[in-house]
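In what follows, residues are counted from 1 in the order of the sequence shown. Since the model is a prediction, treat every value here as computed from it, not as a measurement.
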Amino acid sequence: MDMSNTSLMRLPKGTDRKPDMLQRHRMTGRPAEERQMLTVAETVNRAKLSGMGVSEYTLRRAIRSGAIPCRKVGRKYLLYWPNVERWLMCVDGQDNIPPDITGNSGIRRIEV
């Protein structure tokens, strides 16, 4: 048996196998913190490590609204990390909508 591919080896029963950010990706052999295309869960963990906390719920809501471009592969969404960073830092000013400069407060008077 070829021992070079550890992803195919069985772990002994009772061994704890929790994924973390340093776990190597099966396809590329690179850790998630070095890759640019990430799943939603990997993106949440990488954002947390970068000091930009975002919940999985918020990230999925941004994906559904189209605020963050992504690709859907099967049932998973893949996100390009630089796009997520731009969204988290409001680089394009999406969340910083200026107040209405016309003076309207949103309430109008109705004459009776």
- Establish whether Leu59 and Met89 are linked, either directly or via other cluster members, by ILVMFWY side-chain heavy-atom contacts under 4.5 Å. yes
- Query: Roughly how far, to the nearest 0.5 Å, is CG of Leu38 from CG of Leu79?
  - Reply: 7.5 Å
- Query: Rounded to the nearest 0.5 Å, how far does OH of Tyr80 lie from CZ of Arg86?
  - Reply: 7.5 Å
- Taking Thr58 for the side chain and Val54 for the main chain, is one N or O donor matched with an acceptor at less than 3.5 Å? no
- Considering the options Val44, Ile68, Val40, which one meets the side chain to side chain contact (heavy atoms under 4.5 Å, CB included) requirement together with Arg60? Val40
- Query: Quick one: NZ on Lys48 to OG1 on Thr43, what's the gap to the nearest 0.5 Å?
  - Reply: 13.0 Å
- Which atom of Arg35 lies closest to which atom of Arg46, heavy atoms considered: O-NH1, 2.5 Å
- Query: What distance do Glu56 atom CD and Thr39 atom OG1 have between them, rounded to the nearest 0.5 Å?
  - Reply: 8.5 Å
- Message: To the closest 0.5 Å, what do you measure between SG (Cys70) and NZ (Lys76)?
- Response: 14.0 Å
- Item | Euclidean distance, Ile63 CD1 relative to Leu78 CG, rounded to 0.5 Å | 9.5 Å
- Search all heavy atoms of Ser50 against all heavy atoms of Trp81 and return the closest pair with its distance. OG-CZ2, 3.9 Å
- Message: Please check this pair: side chain of Arg71 against backbone of Met37, looking for a donor-acceptor N/O pair closer than 3.5 Å.
- Response: no
